[in-house]
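Report on one structure; see the data block that follows.
Predicted model, so just to flag it, every value in this text is computed and none were measured. Remember, it's 1-based here, ligands and their atoms both numbered in the order they're listed.
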Amino acid sequence: MTALPLIDPQTFETLKDALRAALPEAAVITNPDRLAALLAEERALFEGNATFAVAPATTEELSIAARLCHAHGVPMVPQGGNTGLVGGAVAKGGEVLISMTRMNRIRAVDPVNYTMTVEAGAVLADIQNAAAAEGCLFPLSLGAEGSCTIGGNIASNAGGIGVLKYGNARELTLGLEVVLPDGRIWNGMRPLLKDNSGFALKHLFIGSEGSVGFVTAAILKLFPAPAEVQTAFCALPSPEAALGLLSLARRLSGDQVTAFELLSDFACGIVCDHAGGVFPLSERAPWYAVVELSTSREGSDLREVFETILEQGFENGLIEDAVVAETLDQRDRLWALRERTPEAQKRAGGSIKHDISVPVSDIPAFIAEATQAVENYMPGIHPCAFGHVGDGNVHFNFTQPDGMDKQAFLEHWDPINEIVYPIAMSFNGSISAEHGVGLLKADEISAYRPEIETELNHRLKAALDPAGLMNPGKFVGNVKSQNQS
Ligand SMILES: O=C(O)CC[C@@H](O)C(=O)O
Ligand SMILES: [Zn+2]
C-alpha cells in the first residue's frame with residue numbers, strides 16, 4: 001500500500017484554523033457524530049480516521065479549501081454519498097475529507113436540448129425525478145440511487161442496470177466543472193455533442209475516482225421519458241439460455257431492451273429468505289432473468305412484442321416459465337428480487353465479491369470455469385452470481401459454506417481472487433468492471449493489466465496532480481503490486 005505523506009498534527013491544526021478563517025462556519029465539520037457518518041465505509045472493510053472534514057456549499061468555497069490544503073501540503077479525499085464499494089472515499093488518517101453533499105442543487109432541466117445541469121452533491125434519485133417532471137429520462141439507475149450523488153457517479157463512472165441501452169456515467173456526461181488539486185477551477189460546462197477542440201479533458205476526470213480533481217458540477221444527457229415499460233421475470237435453464245433470450249429480445253423488439261439482469265437460484269433464494277423477496281413463479285429454476293423493455297412511444301404494441309419474445313423463448317427452450325408485471329407494484333416486486341441481492345448477501349453471512357466483466361458472449365463459459373475452480377478450492381462454498389448480463393458485467397460473488405465461521409471464510413478472499421481473476425483475464429475481461437479500484441484493489445490492479453497501462457495511469461496522475469495530494473494510495477495501482485506481477 002502506498003504510504004500517505006506524513007503530516008505533523010500541528011500542520012493539521014494550522015490548516016483547520018486557516019479553513020475556519022476563510023470559509024463559512026458550516027463548512028468545517030468537527031462534530032464527532034457527523035464525522036463518524038462520513039468515516040464509516042459501506043462494506044465495513046476499511047476504517048476511516050480524521051479529526052475534521054470540509055463540506056463546501058459552492059465551487060468557490062471548495063476552490064478556497066483545495067488551495068489551502070495544497071498550500072499546506074495536506075492530501076484530500078473527495079466524498080459524495082459514501083456508497084462506493086471499494087473504499088474510494090475513505091480518509092485513512094492524514095488527509096482532509098471533503099464532503100460534496102452540500103453542493104446539491106439541480107440548476108436546470110432543458111427538455112429542448114435534452115440536458116440537465118446539476119451540482120456534484122445532487123442525489124441520483126432526485127436527478128431522475130427532476131428529469132421525469134419535465135417529461136425526460138435520466139437513465140443512470142443503480143441500487144444506491146436513493147443516497148449516492150452524481151459527482152460520485154461521475155467520478156466512479158457508475159454503471160448499473162441501464163448500461164446496455166444508455167451507457168455508463170461517462171456516456172451520459174456532456175459537460176463538467178472541476179476543481180483542480182491546487183484549487184483552480186476548470187469550467188468545461190459545455191452542453192455539446194460535438195466538441196473536437198483538443199483532448200477530451202472531461203474523460204480524464206470521469207472515472208478517475210477523485211484521484212486528479214473534484215467534480216463539482218455537470219451537464220447530463222437526457223432522453224424522452226418512457227411512455228410504456230414492460231417487465232418480466234423469467235426462469236431459465238442456464239446462462240447460455242439467458243444470452244439466447246437477450247439476443248432474441250433485442251432483435252424482435254427493435255432494440256428496446258433497457259435492462260437485462262441475471263441472477264442465480266441461490267441469489268434469488270437468499271433474497272426471499274433474508275430480504276423480503278417473494279418468489280413469483282410456481283417452480284424454482286437454476287437461473288432467472290429480469291427483462292425490461294421500454295419505449296417513449298404512446299400507444300405502442302410493446303406488450304404484444306414482449307409476448308411474442310416470451311413465446312419464442314419458450315418454444316426454443318430458452319425460458320422455463322415467466323411472469324410479466326401487470327402493475328407498478330408487481331414490477332417493483334420483480335425488481336426487488338434482483339436489486340436486494342447485495343443486501344441479502346450481507347445478511348446471509350460472509351461474502352467474497354468480484355466485479356467482473358467479460359465479453360457478453362463469454363459470460364456462460366466464464367461462470368462455468370470460475371465456479372468449478374472455486375468449488376474445487378472450497379467444497380460447499382455457495383456461488384452467488386448475479387448482475388448486468390446485458391453489458392457483460394457479472395457480480396461473481398460467493399457466500400460462505402454453511403456452518404463456517406465468517407472471519408475464517410473471509411481469510412480466503414485473496415486466494416479466491418487469485419483463482420477468479422486469471423480466469424476473467426483469460427476471457428479478455430476486467431477485474432474492476434463498474435465498482436472501481438479504490439483502496440480495495442489498489443494492491444492488485446496492476447497485476448491484472450498490461451504494465452504500460454499502469455505506467456500511463458501513473459503519468460496522467462502525476463501530470464494532473466503533481467503534488468500527489470488527491471486521494472493518495474488509491475485508484476492508479478501501487479508500485480508494490482507492479483513489482484509483484
Ligand atoms: O454487491 C455487489 O456485488 C453488487 C452491487 C451492485 O453493483 C449491484 O449490481 O447490485
Ligand atoms: Zn452492479
Side-chain angles (χ1 to χ4, degrees), residues 41-45 80-89 124-125 139-148 152-153 155-170 207 209 242 258-264 266-268 270-271 274-277 288-290 292 332 334-358 360 363 366-367 370-371 374 381-400 410 413 416-417 420-421 424 429-438 440-441:
E41 189 266 319
E42 177 71 22
R43 288 169 71 178
L45 296 174
N82 199 16
T83 58
L85 297 172
V86 291
L124 177 55
L140 189 66
S141 177
L142 45 123
E145 63 198 21
S147 49
C148 64
N153 298 146
S156 60
N157 188 24
I161 61 169
V163 173
L164 163 68
K165 182 74 177 173
Y166 300 104
N168 295 285
R170 186 182 298 285
E209 299 184 20
T258 38
F260 195 104
E261 298 281 314
L262 183 72
L263 76 160
S264 67
F266 179 81
C268 184
I270 57 172
V271 176
H274 300 281
Y288 309 97
V290 181
E292 195 157 275
D332 289 349
L334 296 184
W335 267 112
L337 291 164
R338 161 61 187 89
E339 282 175 341
R340 293 188 196 162
T341 316
E343 178 192 334
Q345 246 205 308
K346 237 185 216 173
R347 295 188 190 160
S351 29
I352 293 180
K353 300 184 170 207
H354 306 98
D355 177 30
I356 301 295
S357 64
V358 293
V360 173
I363 287 177
F366 165 75
I367 292 180
T371 302
V374 175
I381 195 169
H382 294 291
C384 182
F386 60 95
H388 321 289
V389 72
D391 64 49
N393 178 194
V394 185
H395 298 305
F396 190 67
N397 297 352
F398 291 89
T399 290
Q400 65 185 60
L410 295 181
W413 201 319
I416 290 181
N417 288 355
V420 172
Y421 289 165
S430 166
I431 67 156
S432 182
E434 65 168 358
H435 297 161
V437 175
L440 186 66
K441 294 178 187 166

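The closest heavy-atom contact to atom 1 (O) of ligand 1, among the options H395, H388, H354, K353, comes from K353.
The shortest heavy-atom distance from E339 to ligand 1 is not under 4.0 Å.
In D355, neither the side chain nor the backbone holds a heavy atom less than 4.0 Å from any atom of ligand 1. Under 4.0 angstrom from ligand 1, the non-hydrogen atoms of R338 all belong to its side chain. Of all the heavy atoms of Q345, none lies under 4.0 Å from any atom of ligand 1, so neither backbone nor side chain is involved.
From K353, atom NZ reaches atom CG of L440 across 11.0 Å, with rounding to the nearest 0.5 Å. Here N397 contributes atom CG and S351 contributes atom OG; the two are 7.0 Å apart, rounded to the nearest 0.5 Å. N157 contributes atom CG, which lies 9.5 Å from atom CD of E209 (distance to the nearest 0.5 angstrom).
Protein heavy atom closest to atom 3 (O) of ligand 1, with residue, atom name and distance, is N397 ND2, 3.0 Å. Shortest contact from atom 7 (O) of ligand 1 to any protein heavy atom: H435 NE2, 2.7 Å.
Atoms of ligand 1 found under 4.0 Å from any heavy atom of L85, numbered from 1 in the order shown, are 5 (C). Atom numbering of ligand 1 starts at 1 in the shown order; those under 4.0 Å from a heavy atom of E434 are 7 (O), 9 (O). Within ligand 1, the atoms closer than 4.0 Å to a non-hydrogen atom of P342 are 1 (O), 5 (C), 10 (O), numbered from 1 in the order shown.
A centroid separation of less than 6.0 Å is found between the aromatic rings of Y421 and H354. For F396 and F366, the ring centers are positioned less than 6.0 Å apart.
Donor-acceptor pairing under 3.5 Å is lacking for the side chains of T341 and Q345.
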**OP:** Step by step, work out the side-chain hydrogen bond (donor to acceptor under 3.5 Å, both in side chains) result for W335 and E261.
**Re:** CA-CA 9 Å; W335 267 112; E261 298 281 314; over 6 Å; no

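If you look at E434 and ask which of its N, O or S atoms sits nearest the Zn ion (ligand 2), the answer is OE2.
Put simply, H388 gets within reach of the Zn ion (ligand 2), with an N, O or S atom under 2.8 Å from it.
Between E42 and K346 there is a salt bridge, since at least one side-chain N of the basic residue sits less than 4.0 Å from a carboxylate O of the acidic one.
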